[in-house]
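Here the structure is a predicted model, which is why all the values come from computation and not from measurement. Letters A, B, ... mirror the listed sequences (proteins, then strands); counts begin at 1.
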Number of protein chains: 2
Amino acid sequence: MTISTSPRPGRVLDPAKRAAILEGARAVFMREGFAQGSMDAVAAEAGVGKQTIYRHFRSKEALVEALVEAMCAPEVVRPPTKSLPAAQRIRELLLAFVADVTTPDSVRLYRAIVAEAERMPGLGRLFWQAGPRQVRVAIAQLWAEEHDAGTAPVIAEQLVQLALGDAYQELVLGTGLPRPEVFERQIDAALALWE
Amino acid sequence: MTISTSPRPGRVLDPAKRAAILEGARAVFMREGFAQGSMDAVAAEAGVGKQTIYRHFRSKEALVEALVEAMCAPEVVRPPTKSLPAAQRIRELLLAFVADVTTPDSVRLYRAIVAEAERMPGLGRLFWQAGPRQVRVAIAQLWAEEHDAGTAPVIAEQLVQLALGDAYQELVLGTGLPRPEVFERQIDAALALWE
DNA sequence: GATCCTTTACGAGACTGATTAGTCTCGCTA
DNA sequence: TAGCGAGACTAATCAGTCTCGTAAAGGATC
């Protein structure tokens, strides 16, 4: 995390403050959950006055939405442009996706979104569009390159499901911490089904 | 791993009251969530004085634990004993499991457990053992009857994952309400992979 | 540049109003 | 003599507002 040496806050709201607030929100909400984490805690964590938060964000809900958006944003799928065979690129894509999504923070984010899914369905949609949806689209494209474009979407769904598998369920439910090799094995087993 | 919830063992507390409280808690917490649902609401829903709840349960957390335990318990998988071919019985098992697990109450229970997975991992383990784990075991047994017993556990995992598929993710994330046919389609598509 | 002046973001924290877990009291009943 | 229903009561939490004093940016004039 780089620290801007000489921020020059002008007339407008300091973007550095916004970033600090989001970082504080990430720390607090990932530690205590969206519902339990308080705005006072976010302000303290960010080293910021509470009013400053409300100058940058309309409400707690708006802050949560912005945080989810920010945490989902980096999750952009960069399709490997290498001239590898499509099957190989699909494998790499799945590996990268699983590695990203099994990060402790990613798991906590997923848990927090699932917890609030009923009250804030927008969060779920945001998360779905930003992360899981994109991988499915990318894999479907790769699949369509070498096979039938008609079946590609369904097979992409199935591949992602199998790549995550029970290991991800255990991670989400907090019943175990699967080793990375497990996911690699799941991915290879999934790909083998279409060979 | 029974969770002790009775503050004063030995007292004569009406078991019917305990059941009524749990039923009220189920109604309230499944309607409003564990965090939002209040003890006053549970008391009103159960037709019970608030103090009676605290005579039976040490705290709100204890009540939640007891409720989760109670809701997980009945989720027993009854393997179809009919003399149908194994493939047919696997299909029925998957259909029954999916139908059970996509119930609004089941989804809310799952959400609540995921939300508290970090703070109360025991609940996650309880849920996993009571529901998802059992289906996998049952399907693996059926698969082993007609195919290789060595690959059965892995294939059972994969079948369950594919049966739930993206539709279950959307349900959990609150982004949509998939029609039952979707799950049937996913199950048939999954089974077709091994035909 | 240098000196003033106005405006605005900011940290700190007091404050409000609403909610709620948990306790206490009382009168009823089996 | 219990458990019980009803509900008042306490204490804590928390979203959101308001008010301070401060620092600094942008502009104006010299």
Side-chain angles (χ1 to χ4, degrees), chain A residues 3-25 27-29 31-68 112 115-116 118-120 123, chain B residues 4-25 27-68 112 115-116 119-120:
Chain A
I3 298 171
S4 175
T5 51
S6 174
R8 300 193 177 279
R11 280 287 142 88
V12 279
L13 296 178
D14 190 352
K17 292 295 169 189
R18 190 178 200 274
I21 293 166
L22 282 174
E23 176 52 30
V28 169
F29 291 146
R31 188 173 59 234
E32 308 179 29
F34 291 141
Q36 208 59 31
S38 71
M39 295 296 268
D40 290 275
V42 172
E45 183 81 32
V48 140
K50 209 163 111 174
Q51 186 60 36
T52 302
I53 297 181
Y54 283 97
R55 264 190 292 267
H56 284 261
F57 302 95
R58 187 175 301 105
S59 62
K60 181 181 183 180
E61 189 175 327
L63 174 60
V64 167
E65 281 174 8
L67 174 63
V68 171
E116 302 297 316
E118 196 132 28
R119 267 184 294 177
M120 303 172 68
L123 293 190
Chain B
S4 170
T5 53
S6 181
R8 307 181 65 179
R11 281 284 180 200
V12 188
L13 293 174
D14 190 353
K17 291 295 168 186
R18 189 178 201 274
I21 292 166
L22 282 174
E23 175 52 31
V28 169
F29 291 146
M30 291 304 97
R31 187 172 62 233
E32 307 177 31
F34 288 139
Q36 208 59 30
S38 70
M39 295 296 267
D40 289 275
V42 172
E45 183 80 32
V48 140
K50 211 165 116 178
Q51 187 59 35
T52 302
I53 297 181
Y54 283 96
R55 265 191 290 267
H56 284 261
F57 302 95
R58 184 187 338 108
S59 63
K60 183 181 183 180
E61 189 177 331
L63 174 60
V64 168
E65 283 175 6
L67 175 62
V68 171
E116 302 296 319
R119 271 166 289 186
M120 304 168 67

task = Just grab all the side chain to side chain donor-acceptor pair (under 3.5 Å) pairs involving residues 31-42 of chain A, residues at least two apart or on different chains.
result = A:Asp40-A:Lys50
query = Would you say B:His56 reaches D:dG3's phosphate, i.e. side-chain N/O to OP1/OP2 under 4.0 Å?
reply = no
inquiry  = For A:His56 versus A:Asp14, what's the shortest heavy-atom pair and its separation?
reply    = CE1-O, 3.3 Å
query = With sequence neighbours left out, what residues match A:Ala46 under side chain to side chain contact (heavy atoms under 4.5 Å, CB included)?
reply = A:Val48
inquiry  = Strictly under 4.0 angstrom, non-hydrogen atoms only: write out the protein contact profile of nucleotides 11-25 of chain C, one letter per nucleotide from the 5' end, B, S or -.
reply    = SB-------SBBBB-
key: Counterpart residues, side chain to side chain contact (heavy atoms under 4.5 Å, CB included), relative to A:Ala66 (two or more places apart)   = A:Arg18, A:Leu22, A:Phe57
ask   = Say you draw a straight line from CG of A:Leu67 to CD1 of A:Ile21; how long is it, rounded to the nearest 0.5 Å?
value = 12.0 Å
message = So for the helix from C:dG1-D:dC30 to C:dA30-D:dT1, with five pairs setting each end axis, what is the inter-axis angle to 10°?
response = 10°
task = Please report the shortest heavy-atom distance between B:Met39 and B:Ile53, naming the atom on each side.
result = CE-CG2, 3.7 Å
message = Please evaluate residues B:Phe29 and B:Lys60 with respect to the criterion side-chain contact (heavy atoms from CB on, under 4.5 Å), reporting the C-alpha separation (whole Å), side-chain torsions for both, the decisive distance (0.1 Å), and the verdict.
response = CA-CA 11 Å; B:Phe29 291 146; B:Lys60 183 181 183 180; 4.0 Å; yes
key: Residues which pass side chain to side chain contact (heavy atoms under 4.5 Å, CB included) with A:Glu61, listed by chain and number, not counting sequence neighbours   = A:Ser59, A:Glu65, A:Met120
